[in-house]
Amino acid sequence: MAAPTTIAKLKQFVGQEVEIRGWMFNKRSSGKIQFLQIRDGSGTVQAVAVKSEIDDKLFEELDALTLESSLTVQGVVCEDKRSHSGVELTLKNAQVIAVASEDFPIGKKEHGVDFLLDNRHLWLRSERQWAILRIRDELERGIQDFYAEEGFIKLDCPEITPNACEGTTTLFAIDYFGEPAYLSQSGQLYLEAGIMSLGKVYDFQPVFRAEKSKTRRHLIEFWMTDAEAAFVDHAENMQIQERMVCYLVARVLQHRTHELTILERDISPLLKVQAPFDHLTYDAAILELQKLGSDIQWGTDFGNDDETMLMQAHVKPLFVEKFPAAIKAFYMLRDPNNEKVVMGNDLLAPEGYGEIIGGSQREHDFDKLKASIERHQLPMDAFKWYLDLRQYGSVPHSGFGLGLERIVAWICNLPHVRETTPFPRLLNRKYP
Ligand code: 4AD
Ligand code: MG
């Protein structure tokens, strides 16, 4: 009996008989010989069935087998320099597990985006989606490994909150046993409590934004990692962001080359993602945008087009710092030299991907924070606990939030964030 293994491990078994279990996603036949393309999650391999060498009934059964049927295959592993995996299987025997209906909707022909999204549960099986999901997984582990190496502790934050973190316009309200509550927009405020216990903390979980916009960068539900650290100022905060982005890009380049190849990702721009990144103040960015022909005025936030335009001259990610306080969240520390702007940054990705990180030093003075909550007309009751943090041993501190889907889209060079997540939630879509 051949031992079951996975396609990714086949190279270790050249010359031996093995068993693999998976799905037949494609097939070619020349009458006397069939080439079955099989995938098992870990990779793909070609199994060659020769009529004269296997049971007649089995050969016929395989010949009639529909695409996406599941099966177990026993065969001998042979070297095959032409294939990506370096091996193919000479099929000896096979057992069909379930015959797929003939009308598997995702074919070789071009499909519209809505059709693909309606069939997302089946679309996930395609090679491109497989590659994207594996890069997403690499980034998820990379994020956690980076924090561990830097001494950050994971602090899990609630998804149901009594208050807004990032402004009230994108809040998802829910009925909490007759009282209003909101789905979390970011774990940040809770991390600020966590640092007073653990020093450096992070979260990594879904967040929700009731974004009424349909752009290629916005999801309604997405995964965010927030980081927060005590005694870290705005400048050091940006250094952590820079180290993290360099680490993540290098990690995907190292461990997911095959997936990047499947996506036909030109990796030369990614190879340039090395410290130090350039910095531009918001003031300077506005002047640059106006020079480039934008009619943006000081005091307005960047739109997607502004970010893309600004990044045309940059091959590496770019820090834009010191945005006007009026367009940023209530918790950001004001610049001591200019009360109109905050000690915060956005990190913009090149190649048209725009903001991937937002971060800042936080206001740690009780009176100033209270005044800011009032200015933003936020309900003081809900923020009492947050203000407490400034009553009992407040310290300067900073943090940032990275949107997972934004960095996946950039690294994979995807036209839209909808393909970065297994089941995207968009303005007009919550199915499947
Ligand atoms: O810039 P944002 O709103 O910052 C915060 O939420 C802070 N509380 C983070 C912090 O300081 N701890 O969001 C952070 C990042 C953005 O830079 C972007 O990458 C992503 O989250 N993001 C979105 N991604 C997908 N869809 C959306 N609707 C997003 N909104 C923000
Ligand atoms: Mg932001």
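First listed ligand is number 1; within each ligand, the first listed atom is number 1.
More than 12 heavy atoms of other residues, nucleotides or ligands lie within 6.0 Å of CZ in Phe423, so this atom counts as buried by the packing criterion. The neighbour count for Asp295 CG, taken as heavy atoms of other residues, nucleotides or ligands under 6.0 Å away, does not exceed 12. For Asp305, the CG atom is loosely surrounded, since the number of other residues' heavy atoms within 6.0 Å does not exceed 12.
When non-hydrogen atoms are compared, ligand 1 lies under 4.0 Å from the backbone of Arg217 (N, CA, C, O) but not from its side chain. Of all the heavy atoms of Met332, none lies under 4.0 Å from any atom of ligand 1, so neither backbone nor side chain is involved.
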Test salt bridge (charged side-chain N to carboxylate O under 4.0 Å, His left out) on Glu68 and Arg125; report intermediate values, then the result. CA-CA 9 Å; Glu68 291 302 321; Arg125 302 180 187 195; 2.9 Å; yes

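Of all protein heavy atoms, the one closest to atom 15 (C) of ligand 1 is Gly401 O, 3.6 Å. Here the protein heavy atom with the shortest distance to atom 26 (N) of ligand 1 is Leu219 N, 2.9 Å. The nearest protein atom to atom 31 (C) of ligand 1, hydrogens excluded, is given as Phe222 CZ, 3.5 Å; this is a heavy-atom distance. Among protein heavy atoms, the minimum distance from atom 12 (N) of ligand 1 is reached at Asp226 OD1, 2.7 Å. In terms of protein heavy atoms, atom 1 (O) of ligand 1 is closest to Glu355 OE2, 2.9 Å.
In this structure, Asp137 contributes its side chain and Leu133 its backbone to no donor-acceptor pair below 3.5 Å. The main-chain N or O of Glu211 is never found under 3.5 Å from a side-chain atom of Thr170 such that the two would form a donor-acceptor pair. With hydrogens and angles disregarded, a donor-acceptor distance shorter than 3.5 Å links the side chain of Glu405 to the backbone of Trp223. Arg39 contributes no side-chain N or O that, together with a main-chain N or O of Trp23, makes up a donor-acceptor pair within less than 3.5 Å.
Side-chain contact between Trp123 and His111 is absent, with no heavy-atom pair separated by less than 4.5 Å.
Shown in contact with Ile357 at under 4.0 Å from a heavy atom are these atoms of ligand 1, numbered in order with element: 17 (O). Taking every non-hydrogen atom of Gly358 and a distance limit under 4.0 Å, the qualifying atoms of ligand 1 come out as 1 (O), 9 (C), 10 (C), 11 (O), 17 (O). With ligand atoms numbered from 1 in the order given, ligand 1 contributes 28 (N), 30 (N) to contacts under 4.0 Å with heavy atoms of Glu211.
The distance criterion of under 3.5 Å between nitrogen or oxygen atoms is met by Glu166 with respect to ligand 1. Backbone and side-chain nitrogen or oxygen atoms of Ile356 are examined, and one is located within less than 3.5 angstrom of a nitrogen or oxygen of ligand 1. In terms of N/O distances under 3.5 Å, ligand 1 is approached by Arg362. Taking any N or O of Gly403, backbone or side chain, at least one lies under 3.5 Å from an N or O belonging to ligand 1. The distance criterion of under 3.5 Å between nitrogen or oxygen atoms is met by Phe400 with respect to ligand 1. Considering both main-chain and side-chain atoms, His218 never comes within under 3.5 Å of ligand 1 through any nitrogen or oxygen pair.
For Gln46 and Asp80, the side-chain atoms include no donor-acceptor pair closer than 3.5 Å.
The two residues Glu221 and Pro206 come nearest to each other via the heavy atoms OE2-CB, 4.2 Å.
For Glu355, the N, O or S atom with the smallest separation from the Mg ion (ligand 2) is OE2.
Across Asp283, Asp346, Asp335, a single residue satisfies salt bridge (Lys or Arg N to Asp or Glu O under 4.0 Å) together with Lys322, and that is Asp335. When His314, Lys316, Glu307 are each tested for a side chain to side chain contact (heavy atoms under 4.5 Å, CB included) with Leu348, only one passes: Glu307.
Close to ligand 1: Met224, with a non-hydrogen atom less than 4.0 angstrom away. Under a 4.0 angstrom heavy-atom cut-off, Tyr331 registers as being in contact with ligand 1. Ligand 1 is never approached by Val417 to a heavy-atom distance shorter than 4.0 Å.
Comparing heavy-atom distances from atom 3 (O) of ligand 1 across Arg209, Arg406, Glu192 singles out Arg209 as nearest.
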